[in-house]
Structure formats: structure tokens, C-alpha cells
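Here's the structure we're looking at; comments come further down.
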Amino acid sequence: MESHPQNLVVLSHPLIRIKMTELRDHRTRHGRFRSLLSEIAGLMVYECTRDLDTHPVTVQTPLESCDGCRLTAPITVIPILRAGLGMTNGILNLMPEARVGHIGLYRDDETLDVHQYYAKFPPSAPEGRVFLVDPMLATGASAVAAVNLLQEAGCRDIKLICLVAAPEGVQAMIDAHPETMIYTAALDRGLNELGYILPGLGDAGDRIFGTV
Ligand code: URA
């Protein structure tokens, strides 16, 4: 695991890098793309949950009692629509007890402002950790707006899980939400004039849902 300054963790495990290579390949079609995205999200969760609070419990094995632990606080996974949906099942496979909220955002093409068109969170979200999920951290505008929304809803323990981050997006998050850790599978070079990450993987939503 490679650590970067401030709020960024780049998860460069070989299994993640191998899967990322296939994911980026333009020949990878949507079915395989979805599977890879789920698998990578699952591998990333292992690291993002390392510091979760647990409390001791005792269970009875068939032979005797044994010390164990349970999660102390509820976990909420919140994909940003629509590409965030592609990572959600991979995360839930490892944390089936997590609840799921959704945030829908769109960008005004003229003003470039981000607007919310949907938001629904489990009532328990502010009591525990929230994993905000969006594969591409490009300009950072959506991630910043989503964290704003979550904070307004009372959430305090927020972590962003993305797949590919651009330095511009990381900087936007550092400026607006320095307390929010970002976990990414790759830190790419930068954005092109259309806001796509380079080298990136193209439009994540289109590649997940086959809308290209
Ligand atoms: N969103 C995407 O899907 N891809 C990018 O490269 C940037 C934003």
C-alpha cells in the first residue's frame, strides 16, 4: 500500500493493479468490466475498513466459549449515481450488514454547478461510518457536493472510495474536506479539456452499463 500526503491512500496491491489493467483496456466489454469493478471494490474494502471500531463479545463454539468481536457502529454505503452503483455490490459482498443510501447529482453544462436530483440515506447513517462510492474522482465537484450533503445530514465519519483519481479532484477534496480520507486504486496524470481522467478508463457509467 502506497501512502500519499494528507488525505489520499493509493491501494496498489498487485491483484488490484492486475485487475485495473484489464479494466482500463478499451477491449474489455461491459460484462467483464462490471465483474472486475466489483472485485476491485471488494479488495479495496479490506483496507478501507482496517480501522473500524469493534467491541468484544463472547460466542459459544461447539466445544467452549470463545472471545470474538462485533462492529460497534452501523456501516452505510452510498454510491453516487450512476457509476457508483458498479462498485456497490463488491463492497456489500464483504459487508452484507451495511445499509445503502443513494446520491444523484448532475452538472449544469453551462454554469458547471453541481445539482442534486436525488438523496436518500438510512436514518442510522450518522451513527457510524459512511463509505461514499464513485469510481472516478475527476474535478472533485461531485465528491465535494456529496460530502457536503452527508455532513448536512449529520454524518461525520465519511470515507471516499474511488477507482481512479485525478490530482485535480484530490486537491478539490483537500481544499473542501481535508478530514475525508480518499481511497483509490490509481492516481492518474490529470484531466483533459472535457474533464476525462487521463489515461483513465473512459466514461465509467457507460462502460458499466453498456451505454456506449
Ligand atoms: N467520469 C468518468 O466516467 N470518467 C472520467 O474520466 C471522468 C469522469
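Just so it is clear, the model here is predicted, and its values are computed rather than measured. Because only heavy atoms are used, hydrogens play no part in the values below, and waters and symmetry mates are left out as well, while side chains stay in. In each ligand, atom 1 is the first atom listed, and ligand 1 is the first ligand listed.
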*asked:* Working note: Asp175 + Gln171, criterion side chain to side chain donor-acceptor pair (under 3.5 Å); need CA distance, chi angles, decisive distance, verdict.
replied: CA-CA 6 Å; Asp175 293 343; Gln171 191 57 52; 3.0 Å; yes
*Check the pair Ile91, Asn89 against side-chain contact (heavy atoms from CB on, under 4.5 Å), reporting the backbone distance first and the verdict last.*
CA-CA 5 Å; Ile91 297 174; Asn89 278 346; over 6 Å; no
*Show your reasoning for whether side-chain contact (heavy atoms from CB on, under 4.5 Å) applies to His177 and Leu160.*
CA-CA 11 Å; His177 296 295; Leu160 173 64; over 6 Å; no
*asked:* Using the rule given for side chain to side chain donor-acceptor pair (under 3.5 Å), can you reason through Arg107 versus Thr139, listing the C-alpha separation, both sets of side-chain angles and the distance that settles it, and then say yes or no?
replied: CA-CA 11 Å; Arg107 190 153 202 184; Thr139 62; 3.3 Å; yes
_Check against side-chain contact (heavy atoms from CB on, under 4.5 Å), Leu137 and Val170_ = CA-CA 7 Å; Leu137 179 63; Val170 173; 4.0 Å; yes
Enumerate the pairs of nitrogen or oxygen atoms, one from ligand 1 and one from the protein, separated by less than 3.5 angstrom; state names and distance to 0.1 Å.
| from | atom 1 | to | atom 2 | distance (Å) |
| --- | --- | --- | --- | --- |
| ligand 1 | 3 (O) | Ala204 | N | 2.7 |
| ligand 1 | 4 (N) | Gly202 | O | 2.8 |
| ligand 1 | 6 (O) | Ile197 | N | 2.8 |

_We want to know whether Thr211 and Asp206 form a side-chain donor-acceptor pair, criterion being a heavy-atom distance below 3.5 angstrom._
yes
